[in-house]
Every structure is written in C-alpha cells, then in structure tokens.
Protein chains: 2
Amino acid sequence: MAKLSHQPLYRQVVREVLSRIEAAEWRDDEPLPSETELGKNFGVSQGTVRKALDELVVEGVLYRRQGVGTFVAGTSDFLARSRFTPLTGVGGEAPKFELLGCVRINAGEQLAEVLGQRRGAVLWQVRKLIRVAGAAVGLEEILLPERSFPDLDMRRVRELKGNVPELCWRDYGVRLKDGEVRYRAVPAAQAEARLLQVEVGEPLLQLVRLSRDFDGRPQVWSVAWLKTERDAFEPATSAEQD
Amino acid sequence: MAKLSHQPLYRQVVREVLSRIEAAEWRDDEPLPSETELGKNFGVSQGTVRKALDELVVEGVLYRRQGVGTFVAGTSDFLARSRFTPLTGVGGEAPKFELLGCVRINAGEQLAEVLGQRRGAVLWQVRKLIRVAGAAVGLEEILLPERSFPDLDMRRVRELKGNVPELCWRDYGVRLKDGEVRYRAVPAAQAEARLLQVEVGEPLLQLVRLSRDFDGRPQVWSVAWLKTERDAFEPATSAEQD
DNA sequence: CATTTGTCTTTTGTCTTATATAAGACTGTA
DNA sequence: TACAGTCTTATATAAGACAAAAGACAAATG
C-alpha cells in the first residue's frame with residue numbers, strides 16, 4: 001500500500017476498506033477476504049490489517065467471528081439497537097417502527113447551522129412512532145437536508161420501514177456514524193401527548209443527536225421522545241440520621 | 001508471567017497491573033515503568049504489555065503521552081466528567097458539588113437485590129447538590145452498602161468533596177468502573193423541587209447507575225436528577241406537505 | 001442408519017521482534 | 001544566556017510466527 005497522506009499504514013487500510021464497502025464490494029453480513037488475503041492485496045501484514053479492522057469493529061462497521069471471518073455489519077437505526085428503559089419491553093421484545101410521515105420543512109437558524117446548511121434550507125422530516133408490544137412508547141423525528149439527499153420519497157422510506165441510516169447508505173452512499181446523544185427531560189407537548197397517549201406536560205425523555213458521516217461532515221439531525229414507564233424505583237424504605 | 005487461569009497473557013497483565021495500582025505501587029498521575037520495562041518484569045514482550053495497557057486506557061484507568069510515559073488516571077466522579085446539558089455551563093464551567101448529607105438507610109427489596117445484599121441491609125446514603133455558576137442544576141444520591149464500606153464518616157466524605165469513587169478507592173481499595181447509565185424523565189418530587197428550585201412535577205432528567213468494581217461485583221448505586229434548561233431547541237419554522 | 005469422534009483447512013486471535021516517531025534532557029557553541 | 005544539535009527513553013507502528021476456534025467432512029461406533 002502506497003505511502004500517501006503521511007498517515008500510519010493501518011489507518012490507510014481503514015480508509016481503503018471503508019471505501020470498498022462503500023463501493024459495495026461486499027454486502028451486509030457477507031464476509032470480507034481473510035485478514036491474510038487482504039494483507040496480500042494491500043501489501044501489508046496480517047497484523048496491520050487486523051489493527052485496521054479492529055477500528056472498524058469498534059465503530060460498528062464490521063463484526064468478527066473467530067474461525068469464521070469478518071463481516072460487514074448492516075446499518076441499523078440507533079434506537080433499534082438501544083437499550084432504553086421504555087424500549088426494553090417485557091422479554092426484551094424488539095421495538096417496531098411505524099412511519100408517520102415524510103414532509104419537507106425549512107430549517108431554523110440553529111439547525112441550519114449545525115447541519116452546515118444555509119439558513120432556511122429545505123430539510124426532509126421523517127417521523128416515526130415507536131411501539132413495543134403494540135403500545136406507543138416513543139416518537140422519533142429525523143431531519144436531513146434535501147441538498148444532500150435529493151429525490152427522497154415516501155415509498156423508499158416506507159420500504160425500509162423508516163430506517164434512515166440504511167436509506168442514506170443504500171441510496172446515497174452516505175454511511176452514518178452514531179453521533180453522540182444529548183439527553184433532556186421535557187414536558188410532553190400537544191402533539192407528543194396525543195401520539196404517546198400521555199397527559200400534556202408529562203415528562204418525556206428526549207434524545208437529541210447529530211449524526212456525521214465517516215469524513216466528519218454533519219448529515220442527519222434527529223430527536224426522539226420516549227415515554228418513561230411508571231415503575232418509580234424506590235431505593236430505600238426507612239432512614240435514620242447519622 | 002506464569003500461565004495461570006488459562007486466560008490470554010495480555011489479560012493476565014491487565015489484572016496484574018490493576019492489582020499493583022490497587023496496592024498503591026504508583027500514585028495518581030505518576031508514570032508506570034515503561035512498557036518495555038514492565039514487559040521485562042512480567043516476562044512478556046512490550047507489545048503484550050501495550051495491549052494490556054490499551055484496555056486500561058479505554059477503561060479510563062490509565063492515560064498515555066507519547067514519548068513521555070503511561071500514567072495512572074485519578075478516579076473522578078462520573079458526573080464531574082459528563083457533558084450533560086445542564087452540566088455544560090456557559091464557557092464549559094466545571095460543576096461544583098455541595099455535600100448535603102450522609103445518612104444510613106435500609107435497602108429496599110430491589111436495591112438490596114442489585115447490590116447483592118440481604119433485604120433490609122444498611123446502606124450509606126450520600127447526597128450532593130450540583131451547582132454550575134452558583135445555580136443548583138442537579139442533585140445526586142449515592143448508595144453504598146455499609147458492609148462493604150464500614151466506618152464511613154461525614155468527615156472523610158467531606159474531605160473528598162463527596163467524590164465517592166475516590167473515597168472507595170483510597171480508603172477501601174475498591175476501584176469503581178463506570179457503570180452503564182439508564183436515563184429516565186421523571187416529574188420533580190417535593191424534595192427535588194425545593195432543592196433545585198423548580199415546580200413540583202416539572203420534568204427532570206434522571207440518571208440511574210450501578211457501578212461495579214473490576215471484578216464485576218456490584219458496589220455502588222447512584223441516582224442523579226438534573227434540571228433541563230429551558231432553551232427548547234426549535235428545529236424548524238415552517239412546513240409544507242410532501 | 002444415525003451419531004459421534006477425529007482430523008484437516010481456514011479463519012481470527014495472540015505474542016514477539018524490529019523499527020519509527022515523539023518528547024525532553026543534555027551539551028557544546030556563539 | 002540563547003539556541004541548535006544529539007542522545008536517551010518513552011510510546012507507536014509494522015511484520016511475521018504461532019495458537020485457538022470453527023466448520024466441513026471422513027471414519028469409527030452403537
């Protein structure tokens with residue numbers, strides 16, 4: 001592998017593997033060539049390939065099975081993977097997503113800023129209802145710039161059951177990294193209250209997140225509102241002064 | 001390093017280094033011997049030591065500076081390190097902790113269970129108020145079994161400004177790993193409302209956490225209530241149907 | 001015939017050795 | 001003293017040898 005950009009070899013391998021995944025050289029859950037083989041391809045040792053793949057494994061792009069191979073991890077929605085209080089239904093039932101709508105809106109000032117768009121830029125707004133065992137437990141709203149994701153349509157969103165990361169990936173070649181999540185507690189507004197069947201003003205857990213692609217460019221903004229179930233954990237029964 | 005317990009070498013090194021830190025062989029922010037030297041000590045190669053230290057670095061036990069050395073990271077409170085909405089005050093001012101009290105209570109059923117104590121076991125309850133720029137933004141309640149931490153007293157807690165992980169470490173040799181955090185949104189109860197100067201019922205972000213030691217034994221339970229600041233982020237201004 | 005056991009191949013996982021790079025201390029010189 | 005080289009020692013990277021695991025398939029076993 002040619003010494004370009006003055007980065008360590010294994011990091012160059014990371015980039016190369018990523019771009020080959022992007023070029024759809026290997027599909028989801030399909031094994032890559034073995035580390036030894038990749039090493040021969042790139043002209044580096046197995047150990048170097050390994051260190052590169054290590055990074056992609058912790059990023060969640062790949063997964064490994066000893067003695068079997070290294071596989072491309074399918075993109076999946078952050079919330080679908082999360083173990084949040086309301087999402088961990090009885091028996092660990094997986095949450096289901098119900099697409100509510102997909103409309104175009106104009107970005108507010110702050111949002112345009114964080115997404116690197118000009119003020120008032122057109123954004124797609126995808127809204128999903130999250131259900132566990134039939135009950136509505138959460139609401140998610142995903143915002144992506146039309147500029148980066150042109151010609152989005154409801155049909156394709158629906159096809160993928162609202163899995164936006166997967167959509168960005170398959171149709172636009174944009175691989176999203178999980179962004180850092182900010183947590184807030186907010187009172188339910190009219191809209192959320194109706195959909196989640198709670199009182200207006202009831203506390204909801206809000207997850208705000210900015211996802212970037214692997215080059216660090218901000219791509220998708222999303223906000224989720226989650227119902228907190230009632231079982232207020234009572235830590236202790238009686239007290240005595242120290 | 002003798003082949004004991006049938007674990008990989010580097011993992012045995014992890015355990016050995018941890019126990020030496022526990023034995024106070026090196027203090028906080030003091031450099032360990034070099035990787036090469038440790039390797040000679042343990043009878044393994046520098047690379048193996050490196051892999052072991054890697055783990056401890058991601059765990060937050062150690063930190064490195066290339067060309068200089070590897071250092072013991074001081075224990076610090078999870079919340080003090082966190083970048084939570086209310087904790088990231090203007091200009092990134094660090095939150096201050098104000099000790100409210102330290103009392104003994106009896107564990108409820110669930111709590112006794114998760115802490116591996118018998119029902120009704122005596123727990124220390126340490127309560128702290130979190131301030132940023134003078135304003136009360138949060139409340140933390142920490143529960144630890146008296147059985148594991150005997151003879152705790154207010155003086156020592158106060159000395160360390162309520163830094164419980166540091167206390168467990170210095171006085172009891174128990175190194176706490178950051179446990180996974182569960183997030184909830186709860187209405188402020190009387191007590192919280194008064195301390196945080198909010199209305200009863202106002203949404204608070206609740207962080208619930210079980211910290212274990214490095215052997216995986218549950219040690220400390222803690223709950224924090226954080227005020228969410230008002231600046232409701234308004235993502236968009238106008239909408240049109242798709 | 002069904003089931004287990006062995007063995008062979010391919011894969012990831014571990015470990016060592018060699019070398020590169022970074023940081024700071026030291027030293028000679030203007 | 002100020003500064004530039006260089007030396008020492010630390011972490012970082014790279015390559016390759018070898019171990020362990022998984023699955024396929026053949027041979028043994030009831």
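A note on names: the letters A, B, ... follow the listed sequences, proteins ahead of strands, and every chain is numbered from 1.
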Worksheet item: Under the 3.5 angstrom rule, does the side chain of T70(A) hit a backbone N or O of R64(A) as a donor-acceptor pair?
Response: no
Worksheet item: Is a donor on one side and an acceptor on the other found under 3.5 Å between the side chain of K128(A) and the backbone of G162(A)?
Response: yes
Look at atom [atom1] of [X] and say whether more than 12 heavy atoms of other residues, nucleotides or ligands are closer to it than 6.0 Å.
X	atom1	answer
K161(A)	NZ	no
R65(B)	CZ	no
E180(B)	CD	no
E98(B)	CD	yes

What is the distance, rounded to the nearest whole Å, between atom [atom1] of [X] and atom [atom2] of [N]?
X	N	atom1	atom2	value
F71(B)	dT9(D)	CZ	C1'	12 Å
R64(A)	dA22(D)	CZ	P	15 Å
K40(A)	dG16(D)	NZ	P	12 Å
Q46(A)	dG13(C)	CD	P	9 Å
L38(B)	dT9(D)	CG	C1'	14 Å
Q66(A)	dT10(C)	CD	C1'	12 Å
L9(B)	dT16(C)	CG	C1'	11 Å
Q12(B)	dT14(C)	CD	P	12 Å

Worksheet, complete the sentence: Taken to the nearest 0.5 Å, the spacing of D213(A) CG from E22(A) CD works out to 8.5 Å
Worksheet item: Does K51(A) put a side-chain nitrogen or oxygen below 4.0 Å from OP1 or OP2 of dA14(D)?
Response: no
Discussion item. So, does R50(B) get its side chain near the phosphate of dT11(D), meaning an N or O under 4.0 Å from OP1 or OP2?
Written reply: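 No.
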Discussion item. Students often get this wrong, so: under 4.0 angstrom with heavy atoms, is G47(B) touching a base, only sugar-phosphate, or nothing?
Written reply: base
Worksheet item: Is T36(B) touching bases, backbone alone, or none of the nucleic acid, heavy atoms closer than 4.0 Å?
Response: base
Worksheet item: How about R209(B) and S222(B): does a side-chain donor come under 3.5 Å of a side-chain acceptor?
Response: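 There is such a pair between these side chains.
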Show which side-chain atoms of residues 144-152 of chain B pair as donor or acceptor with protein atoms under 3.5 Å away, not counting sequence neighbours.
from    : atom 1 : to      : atom 2 : distance (Å)
E146(B) : OE2    : R104(B) : NH1    : 2.5

N/O contacts under 3.5 Å, protein versus nucleotides 23-25 of chain D?
from    : atom 1 : to     : atom 2 : distance (Å)
dG23(D) : OP1    : R65(A) : NH2    : 2.8

Discussion item. Quick check for you: among dT12(C), dA12(D), dA14(D), whose closest atom lies nearest to any side-chain atom of T48(A)?
Written reply: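 Selected nucleotide (nearest to the side chain): dA14(D).
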Worksheet item: The side chain of S45(B) lies closest to which of these nucleotides: dT16(C), dA15(D), dT14(C)?
Response: dT16(C)
Worksheet, complete the sentence: Per the under-4.0 Å heavy-atom filter, residues of residues 26-35 of chain B near DNA chain D come out as S34(B), E35(B)
